[in-house]
Structures are given as structure tokens and as C-alpha cells.
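Structure first, then comments.
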Amino acid sequence: MAKQKNYGMVIDTRVCVGCSACVYACKSENSVPEGYCRDWVVQETNGTFPKLRMENRSERCQHCANAPCVTYCPTGASHYAEDGTVQVNRSRCTGCKACIAACPYDARYVHPEGFVDKCSLCKHRTDQGLETACVSVCPTKSLHLVDLDEHDGKAQQLMDGKEVYRQKEHAGTNPSLYWISASNKPGA
Amino acid sequence: MSHGQDFSRRDFIKISSLFLAGSAAMSTQIGRTLDGSGNALAATGEDRVVHSFCEHCFWRCGIAAHVRDGKIYKITGSEHHPLSNGRLCPRGTGGIGQIYDPDRLAHPLIRERKGGTTTYRKASWDEAITLTAEKLYQIKEKYGPQAIAMLHHGYGYTFFKEMFKSFGVNKFAKPSYDFCCGPRHQGYILTYGHSAGTPEGIDIENSRYVIFFGTHYGENMHNTAVQEIAEGIRRGLKIVVFDPRFSTLAGKAEKWLPIKAGTDIAMMQALMHVLITENLYNKEFVEENTVGFNELWEEVKKMTPEKAATITDIPADDIRDIARNFARYAPAAAVHPGRRTQWYADGTQRVRAIAILNALVGNYKMPGGVVKYQKYKLSKPEAHPHPHFEKEIWSKYPLFTDVKPSNTIASHEVIQQTLQDEVKAWFVYGVNVPETVTLGRKTAIEAINKVEFLVAVDTLPMEVTGYADVVLPESTYLERYDDLDDGRPYRTPFVALRQPVVEPMFDSKPGNEIARMMAEKLDLHGNFSEDVETYLDKRLKKEGSSLEEVKKTGVLLGKPTDLYRKPGQKLKFKTPSGKIELASSKMKEAGFDAVPKFVAQDEAPNGYYRILTGRKPMLTFGRTANNRFLGDLPTAKENEIWVNPEIAAQHKLQHGEYVHLKNQAGVVSEFPIKVKVTERIRKDAVYMVHGFGHYFKKLNNAYGKGASHNELISKSEIDTTIGAVGFQNNFVTFIKEA
Amino acid sequence: MTSTTTEIISTKMNPGVIPHLHIWEWHIPLYLFLGGLAGGLLIITSIMIVLKRRFGIGPQDQGDGCPCLAVRIGSILSPAFLGIGMIFLFLDLAHKLYVWAFYTTIQPTSPMSAGSWILLAFFPLAVLQAMLVNKKFLRSLNIPIVSKLIDWTEDHLTIVALVNAHIGVGIGIYTGILLSFFSARPLWASSILGMLFLVSGISSAAALMLLFAPDREKPIYSMIDANAIWIELVVVGLFVLGGVTGPSNSSGAMMHLIAGDTQMAGMSYMLWFWGIFVALGLVVPLLLEFLEAAGVHIKFPQVAPVLVLIGGLVLRFLIVFAGQTYHTFM
């Protein structure tokens, strides 16, 4: 019996250039409607001229292990899938939008067809052993799909020796996206 | 047929929507079979994947186009193509927005005058081609073949070039030479005897220290270069960026130096000064492989770091630090030559200075240094016989091009020759002349008005099509075969195939067909007797492969390039001296400075700021301006004018406010532009991305978005060594909305 | 003074969250108001019934065993308002055809799931109570099933009323709990929001009953309303203080509401909150009712309860809007 995965991502912001290829690849792959996005790019610059610092991030739903959207969903449409991701069952979504209010990452949107949508970590691809659309296209290999349950696996290798953080950890959501900070020295 | 030619002025015509594709057939969203959880049911084998190469920029990365139910629903990077490695930039993914653009040209159009107004009318291909052939023939007979010029920008041009050569015409101009990479090409050739290449010959992923001057990779989203920079960073590459603006690349730099615009050569001379005075340069390499060291020293000895500090606004200590680090990490250290390198009148000398810096530390053909990628040695197709050409090169610039020319004249010279009545007919292939910088919009339109016959081959109703006599709709790159692409030297040499993913839409035709039809009408039989598939198959069979075979992966790979020199290996350079020319004999012979000199640029008038320009990663100027798919991102919808907070305060500008820009010649931008108040730019400059502010209403998506950078170029300077055109001595101030 | 700037460029464009949360408009505040009203009405009418039946306390009935007029009307209005409120809830749903999904599962951690079932559970007993208090008229219709139901309810009235009172509290309080579970929205994430909505619902319900009660019944509803308003003022004070003394998310959100210049229908939050809700919606009515109770003749006695109702409505709008316009939990 194949071991069940616990999918997450490790995102290396040192190399990300904020090009948005991930956004467009996702749009094509998942027929994301015009005017909406399942993932997005953030370019953050801090400091005052000429002492400036920058970090580029490709963000999306964090597929939290303690997801407020799942906690809050009144119909069970938002649920934990067996592969460690959070998915939305469109046939059970009433469009009440409680999950959108519940998400501290503002990762969701109301699809024009009425249900609430978000990054699905390309479950239709991962189920087939493929990587997500964003991970596959990224020209800088900033995005990595990992199995968080794998000891000494890819996630470990990517994060070893580097400054890594998670977003809004203090919200108690236990997110599955790990970020390699842009303040790491090159070659860390 | 009625065809008004007796109008004194070439009116700009808006193409009626009837002649465009229309929204009915257009949607990049196709219905996908989805399960209850909203997951697309995985490919069940009905998906078709076709490998080809992209046309969104000059990189020409390999793509995999995915088709379902006859529609391309996504484009990913081809895993077979060495430039993509399975990855793709955002523009490549946006191909679906180009092929399914509702504003696409759908029919051939002929301009005619009816009762005082000029309009376009739909024409059959036969009629349009016949007219084109007739007019070109007449003009050639009356004025000679040198009165016809082809401006081109797009890989499909090769068929037209061959056709024109057989016709006796050999005036070919590529605007990107003029204002983009001409200097980089020539600067390297004059120094090393070969071009910098695309991708640029710097072994980034193995380098420890790379210096960039103004190059903004990341926003300039060239696939392979960005992949290599990312890999380099993972391996510990340190990046240094000289740029008046804190670009994305500067955001990854160990050190960002906000250099004053226009002072690069002073900085480079100062770096050379430190390398030489502190004996940090590679003496052995320089003695053995270069000439002109003493001349170089004579020039740079005056440029101490202290002097350079006053010119460049960078502290002398920083200059010393960088030079020392550069030497410390050499030979695995390099200065990157960049891509768009024509900013002022000294672009070629500037690239030469970069090449010289690299030579001084002896990084030639060393890991992490300057390398020379190889092209696949593809056998040339049969040469078509052509009438004798009066000249091989039409450019008046002595150092226009050193290798067998693919272009014979600078595009601004075509404009000039038109204004001087030497050129009478233009064949424009994918060049949006009014918005493409060849001496600025005003001059471009003046020239357009003088052209007797203008043919525009394009996929979209770009502004130039509103001035044409004949508009020929070419199919997009996803719908056609083009000639084999062997033009990209890289680590693994390759030949790439462009093949149609879907059938041509509407009444568009592939360039190879259009060229063949023209050849037939012009009686150039025999030159294009075979159809394009036979032609491609023949060429590939010569390589021991076949069209059938290469169609499967889209590429034919060669042996990986042997990049590095062996110890004791003697180096040879295709220069007059056979060595790296720190002092260029060809420059000297042609009457120019043998060694790059620093020339001060114009200062801004009071209250005005130098306009700097660049790219956004998801756009390629005119090609993507109307692309709804790519435009569906808040950062892609418009450009902004970057203003330093102190300057914004002085002019009372708020972040997010819309203003008009006025340049030093009094030209005011047609459309307003959004102000971005940011710490990321010097006080003496402003920045706006090029390619916005389209004024052709038929570009429904692009019309009126952002402001046009091209509009604000009133002053151009010509680099008279090679004929490139600089336009960065233009300054703007802000006009607040009433 | 050192300062550093942060520049954030994001390509996110989803209108529901950019530039701020924007998912619930007028449907939800209106439902919250009607729900609170319905809950309050049910609480008051149920307790009045129990008091009368069990302890003989309360306004004189009409001599037929039916309680006073205000209770009769109130009992009918309660399910009516809740029904209308539920229509608004339904209209707010983006995926309306799937509304049945609420009722094929119970999600214990979801206040909205609990709420959807409470709303359902509300109706049977509330309707029975409404029927009972209007038994004279209904019996005269001579419909057997109706009469049977009335008889049953008559026999079990105390229990029915007590249960209804609890359900009323449930309805009143859950609307606040529903919002307060959203820790991603700092303004709503207050432990006292449920209490605030409950008390507001009671004060609004009492005000409404005051409006349609016959003159001799008015004093009791005036007393209930005045007390409810008084408690509500205390709870509002605690709500505000709790926010202001909390961590930056909470205090920022509270200041955004009580001192913010964000506009709602042309006026700032601050003006709405202090001027309309607190002053006109609570303090002034309290004063008027106090004066009235002290014997001072008030020319237009309807003013006070109408102001209370308006205040209750404004409170819901303010909370729902300000909770969305303030940034997400940082």
C-alpha cells in the first residue's frame, strides 16, 4: 500500500524574481476565471534609499493542518484531503463565504459560478505523480512540492542550514508552506 | 481595382471591427471536465502536446503547447529544449492570449480612398498579393531595388528575406539592433572577435561574483539567464548591481550601487584603475592574450576612484571594494554585458569597457567567466540565385557589422533615407514603427507619410497597420512552420523546430505561404518551389534526422560545448591582431577612440528628471500589449512613473495619483500615468516601463492604458561607430491633472 | 526619529479580499438585526407567558386565557421576522442551489452549522407558541389539525415557552458568536460580541413591543427596554474597552471603528458609532424612557423605541462593515 503523502511546499524566495509565471500557469491549468487568481506574487521592499532589502514570494493557500476554513465550513465542503491538502467540494459549497472570512491569508475567492475556490495544489496532477502547474513552470525553481512527512527528505534538504519561516504562524493555523527567507546569504 | 494613391498625406485609419477576429470565437477558458471537488479530470489521452518554440521574445524558448478539443488551453516549457529545461517565463504561457485575441487581424486589407475619406476594405489574398507585387515591381523599376526596405522583428522573417533577395532587394533592418543589442554584439566582436551571443556567454551558474550594469534580469524575464542566476545563487553566487533603480536583480545583490545614470564608463574606468594600480589584474593572461594594455592605461590612469566618485555618485571606497572582490573571485568572476545596451551615443564603447574588464582578470573560457557558446553547425539551405546587389551593406556606419550580415542597414537609416526620398517602399514585418524607437514617434510618422507604398505583415492591428496600404494578416507562431532555429549558441547546441499547433485561424496565412505567393507573383519561380514541410525535411535529413523525427520533441541536439580552456592552451581570437583588443584597431582605423572614453551626458533641466525605462516580466511591449490573458494581472495593466519620495514631495505628488508627463521639448503624454512614490529610485531620475499608452482604439485591451515612453523621446543620439540609436537624454516633469 | 518604509506590490486581485474583505453587504447586517429581533421577541414573549401562566404576573390578559396583546403580536412577529431574515441569508449565498447542504451534516466546530440548525429548530415551537396565543381566532377557523396542535401546546405550554426562551437566547447570541469565531477579523474576534448582539436583540425587541403594545401594557415593556438598554450600554463599553486594551490587531480594529474616518453611506464610522448608535440609539431613548417613567409627559413617545430600533440596525451594519474594512489579522 502506497504511503499516504502530506503535501506542502518549500519556497525559496532568494531566487524568486516575481515574474508571475506561476500565476499564469495556474490560470491555464485550472481555468481560473478572468479577474481572479489562485496564486499571486508579492514583492516586498523594506528600508529607505539607498539601504533597501527585497523579498519576492509566490503565495497561495497554505493548506493549513489546522485550517480555520475547514473548522468553520458549515457543510463540510472545505475539508482535509488524504494527501494533506485542503480542498473544496463544489457540490457541497453553498457560497456562504464563511471560509473567506475565516482565512487569515485571504487565499480564497468566490468563483463566478457561485462556489468558493482556491489553490487545490493541483490535486488532479499530484494524484498522477505530477508536480503542480506552478512548481513545474517556475523558471528559477523557487517552488518545490514536498512531502512533509518524509524524514530527511527533500523538504529537509532544502531547508537545512537556512533561515526558514512560515507565515502568520501565531494564528495557530499550522500552515504547510515553508519559506526560505531572502535574507539568507547566497549559497547558504 | 480602386486604390487611392493620390492622397498627399497618409491618414491614420482605424481598422473597422468587421475586419478583426471578433469575440465570438474567443475565449482562453475552455470547458474542462471537472469532478465535484473541482479538480480537472486528469488527461485521459485526448490531450495533444506539440513542441515548438515561442515568439514572445528573442530568446525563442522551447514550448509544449497542450491542445484539447482543438483548442490550445495551456503552454508550458519544453523539457527537451536546452533554453527552457521544461520551464517557461510568464509571456510564454500567454501565447494563448495571442492566438485567441479577439482583436486579431482576420483578413487582408487594402487601403482605398472613397469620396474624401480613406478606409480599409477586405480583400482576397490574391488581390492583396497581386497589388503588393505590382507596386513593389513598379517601384523597383522606377527607383531601383535600393528604394525598397524591409523592417523586421520576428522569426518568420527569413522567408521574406530570401524572397526579397531573389528579387534583388537587400535592404534589411531590424530595429532591435538600433536600440537594443547592436552595441553588445559589436562591442564584443571588436574586443574578442565574437559576439556576446544570446544567451550571453557568461558562465553564471558556476560563477562566484557577477557584476551587472543596469541589466534588470527578473523584470527582463529571459528564461535561461534567470534560470542560471537562480542556480548561481543556490551555489553561492554573489551579485553586484550598478543601477539608478533598485530593480528585482538589485534586490538579490550583495551590493546595490545607485549609480548616476550615464556614468557607467567612468565607473568601469575606475574599476580598471584599481585593478591596475593595485596589481590585481591577471598580468600573465593580459601579456599573453591581449594587445593595447598601455593605451588602455593611458586613458584610465586619470580616472581614480575619487574622481569617479564625483562623477558616478558612488563612494570611492565602494569602488575599490568591488574591484578588489572582482579580482579576488576571478577567474570565476565576470561583468555581464547586458542585453539592451544602447542608451547614449557611446553604447559600443561601453560594452567594450565591460569586455575589457573581463579580459583584465583573465576569465576568458574559465569556469564562471566569459565563455563562448556554440551553435549547432546546421548546413545551410541551398542558396537561391539572386541578382547582383549594388552593395552588400547599405549602412553608412563603418562598424555596422563585422560578421556575414543578417541585416544590411540600421532601421533609423531607413527612416532617414525615406525622409531623403531614397527609400520609397517599406515592407514591415511585425514592426510597430510609430512605437518602436527609431528616432522617436514624430519622425517615424513623418517618414511614414513620405513612403509611397507600405505593406504591413502583422498578427494584430498595431498602430503601424493604420498607415499601411496593404495589411497582410500572418498566422501566429502557434499556427505555422518557420525556418529551423539554429541561431542560439548554448551549452548544448541545438536546432529547434517551429511547427503549427493548430490550423491557421480566420483568413490568416503563415509567412512562408505569403512569401511564396509573392515570389510567384514576382516571377521568382524555382526559388520557392517546394512547400515548407519538404524544405524543412530536406534540411533535417542532411543532419541525419527528419522532420518526422524532430516533430516529436521540437529539437535536434548537438554535443555539449566544451566551454573551458585547458591549461597551456593557446587562445586565438578573430580580431585583426589575433588577440583580445583592449585597444581596438578597427575603432582607431575608423577614426574613433581606440579605448572607451567617458563622455558626460546631458544634465536635466531644473524640475525635470531623466526617464529611464525597462520591462515588466510578463510583457513584451507591443507583442503583449493587447493580450487579455497576460493583462489579467494588476501589475500588467498599466505602467507607473517611479518617483523618489523627496521629489514627489517637491512636486506635491501622491502615490497612486495620475499625472501627465511633459518632456524637455514640450511634448506632453497623451494619456496620464500613475505615480508610484518609491524609495527604490534616485532623486535625479524617474522610471517607466516601455510599451504602454497605445493610441490605436482597435487594440481594445491596450488602448489608453498607461502612458507611452516612446512618445516622450524627442532627442536621440546616434552611436556613429555602429549606427545604434540612444535615447536616454530625455527628461520629464509632471503635469498634475486639473 | 527613525523610520523605515515597506513597499508591497501584490498581484492578488480577488475582489472579495482586495483591497479589503468584501464578502457581506446589506443582506447579512439585515439578517443579524432581524435575527436579533426575532430572538429577543421570542425571549420576551416566552417569559411573559411563563410568568403569567405559572406565577400570574404580568399585564392583564383578555380574559380568555390568552396573554396580552403585545405578547400575541410579538409571538407572531418572531417567526415572521426570522423567516424574512432567512430569505436575506439565502439571497446572500453565492451557490444557492446547494443550500440544502447545510442540512445534510452537522459540523460541530462551525457556528454557522450550529446556527443553520438552530434556525430550523426555532420554527416548530415558535410557531406553536404563536398559534397558541392566538387560539381564540384559530379555533374559530375549525381546522381539526390546528385545534389539535393548539390543544397539545396548551397542555405543554410552560415547557414549550421555557424551551422557546432558550432558543431565543440561542438565536440572539449565536449571531455574535458566528462573527466572533473569525480570528482572522480582529474587530469581530471579541468574546463579548455574542452578548452584545443578544442584549441588543432584547432591547430592540422590547422597543418594538413597546411600539405596538396597548397603552396599559406599555409600562412593562418600557421597563424591560430601559433595563436592556442600560445593560447594553455597559456591554458596549466593555466591548470597546476590551478592544482598545487588547493587542495591536484588536486595538487597531476597535479604533478603526470608533475613531475611524472610513465612510459608510456618506458618514464616518466614528459619527455613526457615537452619534447614531450610542447617543441616538441608546442614551437618548434611555433618557426619554426614564423621564416617561418618572411621569414627565413626552410629546412623541414613539420616538424612543424607534431610535432604539434604528440603533440596533446601525450597530449590525457598523460591525459587519468595519470588520471587513479593517485589515486581516497580522
Side-chain angles (χ1 to χ4, degrees), chain A residues 18 20 23 35-49 51-54 56-59 68-77 89-98 100-118 168 170-173, chain C residues 2-24 28 89-90 92-117 178-179 181-186 188 247 249 320 323-324 327-330:
Chain A
S20 311
V23 179
Y36 299 93
C37 57
R38 285 185 168 197
D39 61 352
W40 58 93
V41 160
V42 175
Q43 182 169 74
E44 184 177 338
T45 309
N46 287 294
T48 46
F49 180 92
K51 297 235 179 291
L52 298 170
R53 268 179 27 242
M54 181 193 286
N56 298 295
R57 300 186 286 268
S58 163
E59 302 188 352
C69 56
V70 174
T71 311
Y72 211 103
C73 179
T75 63
N89 185 344
R90 299 175 178 189
S91 332
R92 289 198 58 79
C93 176
T94 64
C96 73
K97 304 176 285 290
I100 300 185
C103 178
Y105 305 102
D106 288 335
R108 289 163 169 254
Y109 64 95
V110 181
H111 194 284
E113 286 175 26
F115 52 86
V116 172
D117 198 28
K118 66 173 191 72
K168 297 194 186 177
H170 53 289
T173 52
Chain C
T2 51
S3 69
T4 178
T5 42
T6 298
E7 174 188 284
I8 299 216
I9 305 168
S10 168
T11 68
K12 194 194 294 187
M13 53 189 168
N14 299 325
V17 290
I18 299 291
H20 53 73
L21 187 66
H22 186 195
I23 51 173
W24 290 322
I28 300 300
L89 273 188
F90 176 73
D92 171 75
L93 291 180
H95 214 207
K96 295 176 176 58
L97 288 178
Y98 294 81
V99 64
W100 52 262
F102 280 116
Y103 296 110
T104 58
T105 178
I106 297 180
Q107 299 288 320
T109 55
S110 167
M112 199 178 278
S113 178
S116 62
W117 285 108
L178 193 141
L179 290 181
F181 268 33
F182 289 124
S183 43
R185 311 295 153 196
W188 297 341
N249 277 299
V320 171
Q324 293 182 81
H327 63 66
T328 313
F329 170 83
M330 300 282 246

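Quick note on labels: first sequence line is chain A, next is B, and so on, each numbered from 1.
Interface check for chain A: of the options C:Leu179, C:Thr11, C:Val17, the most heavy-atom pairs under 4.5 Å are formed by C:Thr11. Put simply, of A:Gln43, A:Glu59, A:Lys51, A:Arg57, the one with the most heavy-atom pairs under 4.5 Å next to chain C is A:Gln43. Chain C forms more heavy-atom pairs under 4.5 Å with one residue of A:Gly114, A:Cys103, A:Gly18 than with any other, namely A:Gly114. Most heavy-atom pairs under 4.5 Å with chain C, from the set A:Arg53, A:Met54, A:Lys97, A:His111: that is A:Lys97. Across A:Gly35, A:Gly76, A:Ala77, A:Ala102, the residue that shares the most heavy-atom pairs under 4.5 angstrom with chain C is A:Gly35. Note on C:Pro111, C:Ser116, C:Ala114, C:Gly16: by heavy-atom pairs under 4.5 Å with chain A, the leading option is C:Pro111.
Looking at C:Lys12 and A:Tyr109, their side chains never come closer than 4.5 Å, going by heavy atoms from C-beta outward. Counting heavy atoms from C-beta outward, A:Thr75 and C:Thr104 have side chains that stay 4.5 Å or more apart. Here the side chains of C:Asn14 and A:Cys37 are in contact, with some heavy-atom distance below 4.5 Å.
The minimum heavy-atom distance linking A:Ala101 with C:Ala184 is given by the pair O-CB, 3.7 Å. A:Pro74 and C:Thr105 make their closest contact through O-CG2, 3.9 Å (heavy atoms, listed as atom of the first residue, atom of the second, distance). In terms of heavy-atom proximity, A:Ala98 sits nearest to C:Phe182 at O-CE2, 3.2 Å. For the pair C:Ser10 and A:Trp40, the tightest heavy-atom approach, listed with the atom from each and the gap, is OG-CD1, 3.7 Å. Heavy atoms only, all atoms of each residue included: C:Thr6 and A:Asn46 are closest at OG1-OD1, 2.6 Å.
Between the SG atom of A:Cys96 and the NZ atom of C:Lys96 there is a distance of 12.5 Å, given to the nearest 0.5 Å. Rounding to the nearest 0.5 Å places OG1 of A:Thr45 at 9.0 Å from CD1 of C:Ile8. The CD1 atom of A:Ile100 sits 11.5 Å away from the NE2 atom of C:His22 when rounded to the nearest 0.5 Å. The structure places CG of A:Asp106 at 12.5 Å from CZ of C:Phe329, a figure rounded to the nearest 0.5 Å. Note that CD1 of C:Ile9 is 10.5 Å distant from CD of A:Glu44, once rounded to the nearest 0.5 Å. For the atom pair A:Arg92 CZ and C:Trp100 CH2, the distance stands at 5.5 Å (nearest 0.5 Å).
Contacts between A:Arg108 and chain C at a heavy-atom distance below 4.5 Å involve the backbone alone (N, CA, C, O). Residue A:Val23 touches chain C through its side chain alone, counting heavy-atom pairs closer than 4.5 Å. Interface remark: A:Lys168 contributes side-chain atoms only to the contact with chain C (heavy atom separation under 4.5 Å). A:Ser20 touches chain C through its side chain: at least one heavy atom from C-beta onward sits under 4.5 Å away, while N, CA, C and O do not.
Distance alone, capped at 3.5 Å, places no donor-acceptor pair between the C:Thr328 side chain and the A:Pro104 backbone. Side-chain atoms of A:His170 come within 3.5 Å of backbone N or O of C:Met330 as a donor-acceptor pair. The closest donor-acceptor contact from the side chain of C:Thr5 to the backbone of A:Gly47 lies under 3.5 Å. Counting only distance, with no hydrogens or angles, the side chain of A:Tyr72 and the backbone of C:Leu178 share a donor-acceptor pair below 3.5 Å.
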